[in-house]
Amino acid sequence: MAMSSVSLHSRSLIRCEIAEPSGKPAPMGQKTRYKDSIFDRAFMSLFARKMENATGRASKKTGYDGFVDVSRGVLQGRNPVEQRALVREVLLSIMPPGAPETFRKLFPPTKWACEFNAAITVPFFQWLVGPCERFEVEVNGVKQKSGVKILKCRYLENSNCVGMCVNMCKIPTQDFFTNDFGLPLTMTPNFEDMSCEMIYGLQPTSLEEDPALKQPCLQL
């Protein structure tokens, strides 16, 4: 019992949890409540600080609301291309020097690398996107468990903005993994239920053919 208690306490320190009575994301039209861990708050603070440095815009809000508020500053006075470029700069500023080159050596685009990155996405990015789970996909004729299903994206739910989803998350993340890290990644958001599918190993479509860029504003 003591060991179980310690295990639960340790998990609560490093993993974000949904505070809804059901233990699941709130229905559409309702904002999901979260119980953020120390780990989650540290990442929110780090990303918010990096965005503040890049944009010169701070926020009086704290926690996840503060992170979203600061990220809105990226949109101000910048076109979509400039927004995506700034997000890339922020991502690179968080990484140690030479991280892309090291990643390419450690994780060439193999089935194992795709499945490994999908596996670590689930626990370590829930602070950003909410609860998610792995699922099996087929990439270039190979079945592999390199898909990640985000049940109801926390970022989209809190920003209520298609443009922020596409230009602050989807495209920069795809480009970062595909071009900087050399591991193809495709993200497919569903704006009707705010879910999203991430598939490691799948080459993203061109911007001209990507339906997410043709999505109108959310109807709330």
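This one's a predicted model, so the numbers in the text were calculated from it and none came from an experiment. Residue numbers count from 1 along this sequence.
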K.L.:
Under the side chain to side chain contact (heavy atoms under 4.5 Å, CB included) criterion, do Val74 and Met168 qualify, and how do the steps go?
P.N.:
CA-CA 8 Å; Val74 176; Met168 299 286 295; 3.5 Å; yes

K.L.:
Holding to side-chain contact (heavy atoms from CB on, under 4.5 Å), I want the full list of residues that pass it with Gln30, two or more places apart in sequence or in another chain.
P.N.:
Ala26, Pro27

K.L.:
Regarding Asp65 and Arg154, does a basic nitrogen lie under 4.0 Å from an acidic carboxylate oxygen?
P.N.:
no

K.L.:
Quick one: list whatever passes salt bridge (Lys or Arg N to Asp or Glu O under 4.0 Å) with Asp193, sequence neighbours left out.
P.N.:
none

K.L.:
Is a donor on one side and an acceptor on the other found under 3.5 Å between the side chain of Tyr64 and the backbone of Tyr34?
P.N.:
no

K.L.:
How many angstroms lie between CD in Gln174 and SG in Cys169, if you round to the nearest 0.5 Å?
P.N.:
9.5 Å

K.L.:
So, the side chain of Thr55 versus the backbone of Met51: is there a donor-acceptor pair under 3.5 Å, distance only?
P.N.:
yes

K.L.:
Could you report the tightest heavy-atom contact between Pro172 and Val87, atom names first, then the distance?
P.N.:
CB-CG1, 3.6 Å

K.L.:
Should Ser195 and Leu151 count as side-chain neighbours, where that means a heavy-atom distance under 4.5 Å?
P.N.:
no

K.L.:
Ring centres of Phe176 and Phe181 under 6.0 Å apart?
P.N.:
yes

K.L.:
As an exercise, state the distance from CG of Asp175 to CZ of Arg84, rounded to the nearest 0.5 Å.
P.N.:
8.0 Å

K.L.:
Does the side chain of Val148 reach to within under 4.5 Å of the side chain of Glu133, using non-hydrogen atoms?
P.N.:
no

K.L.:
Which residue pairs pass the salt bridge (Lys or Arg N to Asp or Glu O under 4.0 Å) test with at least one member in residues 51-63, sequence neighbours excluded?
P.N.:
Arg57-Asp69

K.L.:
So, Phe116 versus Tyr200, ring centres under 6.0 angstrom or not?
P.N.:
no

K.L.:
Scan residues 19-28 for pairs that pass side chain to side chain donor-acceptor pair (under 3.5 Å), counting only residues two or more places apart or in two chains.
P.N.:
Glu20-Arg33

K.L.:
Between Thr178 (side chain only) and Leu185 (backbone N and O only), is there a donor and an acceptor less than 3.5 Å apart?
P.N.:
yes

K.L.:
Suppose we screen for side-chain contact (heavy atoms from CB on, under 4.5 Å). Which residues come up paired with Thr62, at least two apart in sequence or across chains?
P.N.:
none

K.L.:
Between atom CG of Leu183 and atom CZ of Phe177, what is the distance when rounded to the nearest 0.5 Å?
P.N.:
7.0 Å

K.L.:
Considering non-hydrogen atoms only, spot the tightest contact between Arg72 and Asn158 and give its length.
P.N.:
NH2-O, 3.7 Å

K.L.:
Can you pull the side chain to side chain donor-acceptor pair (under 3.5 Å) pairs that have at least one residue in residues 134-149, sequence neighbours excluded?
P.N.:
Gln144-Ser146

K.L.:
My understanding is that only residues two or more places apart in sequence, or in another chain, count here; which of them pass salt bridge (Lys or Arg N to Asp or Glu O under 4.0 Å) with Lys152?
P.N.:
Glu157

K.L.:
If every non-hydrogen atom of Phe103 is compared with every non-hydrogen atom of Asn117, which pair is closest and at what distance?
P.N.:
CZ-OD1, 3.5 Å

K.L.:
How far apart are the C-alpha atoms of Phe67 and Phe43, what are their side-chain angles, what is the distance that settles it, and do they pass the ring pair (Phe, Tyr, Trp, His ring centres under 6.0 Å) test?
P.N.:
CA-CA 10 Å; Phe67 163 72; Phe43 265 91; over 10 Å; no

K.L.:
Output all residues satisfying side-chain contact (heavy atoms from CB on, under 4.5 Å) with Phe191, sequence neighbours left out; order by chain, then residue number.
P.N.:
Leu156, Val162, Cys165, Val166, Pro189, Ala212, Gln215, Leu218

K.L.:
Would you say the side chains of Ser71 and Tyr155 form a donor-acceptor pair under 3.5 Å?
P.N.:
yes

K.L.:
Restricting to non-hydrogen atoms, name the atom on Pro184 and the atom on Gln203 that form the minimum distance, rounded to 0.1 Å.
P.N.:
CG-OE1, 3.5 Å

K.L.:
Name all pairs fulfilling the side chain to side chain donor-acceptor pair (under 3.5 Å) condition that reach into residues 87-116, sequence neighbours left out, sorted by first residue then second.
P.N.:
Arg88-Asp180

K.L.:
Has Gln126 got a side-chain atom pairing as donor or acceptor with Val122's backbone, closer than 3.5 angstrom?
P.N.:
yes

K.L.:
Would you kindly say whether Ser37 and Asp40 are connected by a side-chain donor-acceptor distance under 3.5 Å?
P.N.:
yes

K.L.:
Members other than Phe135 in its cluster, when Ile, Leu, Val, Met, Phe, Trp, Tyr link by side-chain heavy atoms under 4.5 Å?
P.N.:
Val137, Val139, Ile199, Leu202

K.L.:
Would you give the length of the straight line joining atom CZ of Arg78 to atom CG of Asn167, rounded to the nearest 0.5 angstrom?
P.N.:
12.5 Å

K.L.:
Other hydrophobic cluster members with Val81, side-chain heavy atoms of Ile/Leu/Val/Met/Phe/Trp/Tyr under 4.5 Å, chained?
P.N.:
none

K.L.:
Specify the closest pair of heavy atoms between Asp36 and Arg41, including all atoms of both residues, with the distance to one decimal.
P.N.:
O-NH1, 2.6 Å

K.L.:
Holding to salt bridge (Lys or Arg N to Asp or Glu O under 4.0 Å), I want the full list of residues that pass it with Asp210, two or more places apart in sequence or in another chain.
P.N.:
Lys170

